[in-house]
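Here the structure is laid out as structure tokens; the discussion comes afterwards.
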2 protein chains.
Amino acid sequence: MPVTIKDLAQELRLSVATISKALKDSYEISAETKQRVLELAHRLHYVPNPYASSLRKGSSKTIAVVVPEVADSFFALSINGIESVAREKGYHVLIYQTHEQGEREQAILQAFHNGRVDGVLLSVSGDAAGTDHFEELCANDVPLVFFDRVCTTVAAARVQTDDQVSGYMATQHLLEAGCKRIAVLAADKQLSIISDRIAGFEAAIAESASPRGKHTVLYCDAAEENAYGQLVTLLQGSDRPDGIIGLVESLALLAYKACNALQLSIPRDVKVMGFSNTKAAALLQPSLTTITQPAFDMGRQAAILLFKALQKSHFSLKEEWHVLPSVLEKRASTGSGDA
Amino acid sequence: MPVTIKDLAQELRLSVATISKALKDSYEISAETKQRVLELAHRLHYVPNPYASSLRKGSSKTIAVVVPEVADSFFALSINGIESVAREKGYHVLIYQTHEQGEREQAILQAFHNGRVDGVLLSVSGDAAGTDHFEELCANDVPLVFFDRVCTTVAAARVQTDDQVSGYMATQHLLEAGCKRIAVLAADKQLSIISDRIAGFEAAIAESASPRGKHTVLYCDAAEENAYGQLVTLLQGSDRPDGIIGLVESLALLAYKACNALQLSIPRDVKVMGFSNTKAAALLQPSLTTITQPAFDMGRQAAILLFKALQKSHFSLKEEWHVLPSVLEKRASTGSGDA
DNA sequence: TTGAAAGCGCTAACAT
DNA sequence: ATGTTAGCGCTTTCAA
């Protein structure tokens with residue numbers, strides 16, 4: 001049995017109230033008593049029962065992070081950012097994965113309706129399942145901060161990157177490199193990050209002299225094998241693209257795979273770039289030009305907002321909307337092909 | 001305020017006990033009452049307060065996962081394996097990172113001494129800080145399962161891969177490929193996985209006709225820049241290695257970087273292989289030969305053991321020791337260099 | 001400066 | 001089949 005406040009009280013012949021106050025350094029308690037209590041607590045390895053105090057105080061010192069997937073360099077890094085501030089604040093972090101399934105997202109949020117966590121950081125699942133579960137959480141006064149994949153119709157804080165600008169920059173970069181037929185590889189249509197990036201792409205094309213008809217957006221199947229098939233078909237078509245933008249990391253890598261298989265040279269035949277946060281980008285052959293998101297900082301920023309809301313109740317998350325810039329890292333996959 | 005069992009009782013003019021029993025489908029309660037309770041609970045979005053029941057029952061339906069780093073393909077995948085079984089069992093998962101710092105590991109485990117979690121899955125930090133914190137946890141009857149990076153002196157369950165065999169296989173593979181001067185790139189000396197892999201390397205060399213003196217183990221600095229420097233120096237030396245084994249993922253990638261910089265051709269000049277779980281391995285140029293660990297399964301297996309211990313108290317983790325095989329994936333980086 | 005006691009929401013033994 | 005009650009460990013008001 002773990003040692004409790006009662007044990008300490010008995011041992012020191014004090015009341016539990018005194019112990020409790022001494023442990024939190026209350027001004028009501030004499031310095032000498034505090035000393036004795038702390039000493040014994042330390043000697044007996046006393047650790048307060050977190051559930052008893054959570055129950056009593058109505059707060060858990062725990063936050064939840066809900067992401068599509070941990071095994072993804074972007075989310076892994078943003079979790080690091082979140083963790084860095086949670087640790088400073090002495091908070092614990094529960095991590096949940098939706099695996100891109102809307103139903104799981106709903107089920108997970110369901111569990112937060114009774115004080116399990118003091119707040120939630122979430123990046124929405126690709127397979128959207130409406131927004132009722134978000135609304136309900138907010139209605140229950142559980143602070144919610146979206147990061148990266150946000151939901152614009154819900155009145156919660158948002159931390160994201162400038163996806164439209166990024167899509168624009170990426171397209172611009174390929175146009176400047178001389179591409180005439182750009183193919184954009186997209187994932188889940190309903191994700192804000194995808195539609196925003198595509199909007200940026202469309203804007204860049206519209207502004208350019210290049211006719212829209214030459215360029216294309218390919219919505220790839222969620223199953224990798226299928227997506228690969230789509231891609232191969234595209235690359236074997238008569239109007240083969242000479243530039244590819246993968247809107248998510250996995251699609252850029254898939255493009256490499258397809259080009260290798262079809263013996264297309266990157267960047268000679270096809271220039272490839274992608275939204276990606278993996279360190280391996282620089283080590284691919286040729287090294288991959290990327291739009292890199294500030295993953296760690298986005299997580300950090302989102303967590304900072306959440307804790308602000310937790311600390312001062314008058315701070316409203318409803319109108320917080322932060323946008324952090326992504327950066328274009330030019331590498332060999334969109335170069336001229338000369339050394 | 002969230003709705004409680006009391007609210008339901010009042011509304012239905014029943015006692016809290018009846019509600020509680022009805023909610024857990026007790027045989028004592030009439031079908032009709034159950035029906036009414038469930039219906040109301042659902043209508044009011046009743047979610048039980050987890051802390052109240054944890055406090056009462058003395059168990060939290062929560063486990064902790066302690067890993068060096070989430071942003072690492074091996075750990076991310078093993079977390080997935082763990083999560084898959086936690087979800088089946090309806091458990092919540094707290095994730096903590098040590099960032100390879102022994103002190104943090106101690107501080108984290110400290111928090112588990114009073115029921116916060118029902119059990120712990122842990123992969124030890126590189127910067128070891130003794131084993132007292134493990135012993136104390138076990139002494140407090142918190143079930144502990146080590147995975148991948150285990151601690152052999154503590155009587156807790158262990159799930160690992162056959163690191164010695166893997167080291168042997170890797171070395172064997174390079175010898176067969178004709179390497180005469182193999183360099184093994186090692187990380188933290190005190191980690192079991194590192195010393196075991198080196199033992200396998202030594203065994204393979206000893207068995208071969210190749211003189212031990214030609215081969216070398218390079219202990220790389222934890223800071224990547226420094227490790228890079230060490231590596232470049234090695235590759236510029238008079239007795240340049242013609243085979244490299246990176247004992248952790250980052251070191252294999254570093255070898256690529258160094259070879260690129262020094263214009264050494266892989267696999268012509270140097271054959272490179274590494275312990276790695278990243279999907280990018282197949283996409284590197286040349287594709288990287290790897291020893292791939294069963295990351296997901298190791299996590300899954302470790303979690304299964306833990307839940308076994310949680311369910312049947314007479315099941316002892318002390319003597320559980322599971323070894324899962326890693327596989328050698330031969331790719332171009334250790335080939336002959338011909339197409 | 002210290003202590004007594006109520007109560008957070010839930011469960012389970014023990015009535016009825 | 002349903003109800004009463006004690007209590008998990010802690011915090012907090014109020015009293016001494």
Side-chain angles (χ1 to χ4, degrees), chain A residues 1-38 40-41 44-62 90 111-118 140-141, chain B residues 1-38 40-41 44-62 90 111-118 140-141:
Chain A
M1 270 296 120
V3 25
T4 73
I5 249 185
K6 219 166 157 184
D7 300 328
L8 301 182
Q10 233 149 33
E11 180 81 20
L12 295 176
R13 309 184 152 235
L14 288 168
S15 72
V16 292
T18 304
I19 304 290
S20 175
K21 288 171 187 165
L23 287 173
K24 41 187 49 63
D25 201 22
S26 159
Y27 65 94
E28 299 177 77
I29 305 298
S30 75
E32 192 212 329
T33 306
K34 279 183 194 169
Q35 184 54 40
R36 292 205 307 145
V37 171
L38 257 37
L40 184 66
L44 264 43
H45 296 109
Y46 168 74
V47 178
N49 182 311
Y51 299 129
S53 69
S54 291
L55 178 58
R56 180 61 230 251
K57 296 200 297 187
S59 86
S60 62
K61 280 260 173 189
T62 303
F112 302 155
H113 281 272
N114 220 323
R116 183 179 292 275
V117 295
D118 296 345
N140 259 271
D141 291 318
Chain B
M1 270 297 120
V3 25
T4 73
I5 250 186
K6 219 166 157 184
D7 300 326
L8 301 182
Q10 232 149 32
E11 180 81 19
L12 295 175
R13 306 181 156 240
L14 288 168
S15 74
V16 292
T18 306
I19 305 289
S20 176
K21 287 173 189 164
L23 287 172
K24 41 186 50 63
D25 200 24
S26 159
Y27 65 94
E28 298 178 77
I29 305 298
S30 74
E32 191 212 328
T33 305
K34 278 183 193 168
Q35 184 54 38
R36 293 206 306 145
V37 171
L38 257 38
L40 184 67
L44 265 43
H45 297 108
Y46 168 75
V47 179
N49 182 312
Y51 298 129
S53 69
S54 291
L55 178 58
R56 179 61 231 249
K57 296 200 298 186
S59 85
S60 62
K61 281 259 172 191
T62 304
F112 302 154
H113 280 273
N114 220 323
R116 182 178 294 275
V117 296
D118 296 346
N140 258 270
D141 291 317

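Atom set for the values below is all heavy atoms of this structure, side chains included, hydrogens, waters and symmetry mates excluded. A, B, ... follow the sequence lines: proteins, then strands. Residue 1 opens every chain.
For A:Lys6, the side chain to side chain contact (heavy atoms under 4.5 Å, CB included) test picks out A:Thr4, A:Val16, with sequence neighbours left out. Applying the side chain to side chain contact (heavy atoms under 4.5 Å, CB included) test to A:Pro48 and every residue at least two apart in sequence or in another chain returns A:Tyr46. Every side-chain hydrogen bond (donor to acceptor under 3.5 Å, both in side chains) that B:Thr33 has, sequence neighbours left out, goes to B:Ser30. With sequence neighbours excluded, the residues satisfying side chain to side chain contact (heavy atoms under 4.5 Å, CB included) with B:Ala111 are A:His92. The side chain to side chain contact (heavy atoms under 4.5 Å, CB included) check on B:Asn140 picks up B:His113, B:Val142, with sequence neighbours excluded. Listed by chain and residue number, nothing satisfies the salt bridge (charged side-chain N to carboxylate O under 4.0 Å, His left out) test with A:Glu11 (two or more places apart in sequence, or in another chain).
Residues B:Ser20 and B:Ile5 are in side-chain contact: their nearest non-hydrogen atoms beyond the backbone lie under 4.5 Å apart. In this structure, the side chains of A:Leu38 and A:Leu23 come closer than 4.5 Å at one or more pairs of heavy atoms.
For residues 26-38 of chain B, every residue pair satisfying the salt bridge (Lys or Arg N to Asp or Glu O under 4.0 Å) rule, not counting sequence neighbours, is listed here: B:Lys21-B:Glu28, B:Asp25-B:Lys34.
A straight line from CG of B:Asp7 to P of C:dC8 spans 11 Å, rounded to a whole angstrom. As rounded to whole Å, 18 Å separates atom P of C:dG9 from atom NZ of B:Lys57. Straight-line distance from the CD1 atom of A:Ile19 to the C1' atom of C:dT2: 11 Å, rounded to whole Å. In this structure, B:Tyr27 places its OH atom 12 Å from P of C:dA12, rounding to the nearest Å. Whole-Å rounding puts the A:Asp25 CG to C:dT1 P distance at 13 Å. Spacing between atom CZ of A:Arg116 and atom P of C:dC8 amounts to 21 Å, rounded to whole angstrom units. Taking atom NE2 of B:His113 as the reference point, atom C1' of D:dG9 lies 18 Å away to the nearest angstrom. Atom pair B:Leu55:CG and C:dA12:P shows a separation of 13 Å (rounding to whole Å applied).
DNA chain D is contacted by A:Tyr46, A:Pro48, A:Asn49 of residues 44-51 of chain A, taking any non-hydrogen atom closer than 4.0 Å.
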Scan nucleotides 2-4 of chain D against the protein and return all N/O pairs shorter than 3.5 Å with their distances rounded to 0.1 Å.
unit_1, atom_1, unit_2, atom_2, d
D:dT2, OP1, B:Thr33, OG1, 3.0
D:dT2, OP2, B:Ser30, N, 3.2
D:dT2, OP2, B:Ser30, OG, 3.2
D:dT2, OP2, B:Thr33, OG1, 3.1
D:dT2, O4, B:Glu28, OE1, 3.1
D:dG3, OP2, B:Ser15, N, 2.9
D:dG3, OP2, B:Ser15, OG, 3.4
D:dG3, OP2, B:Thr18, OG1, 2.7
D:dG3, O6, B:Lys21, NZ, 2.3

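Set against C:dA12, C:dC10, D:dC10, the side chain of A:Ser53 has D:dC10 as its closest nucleotide.
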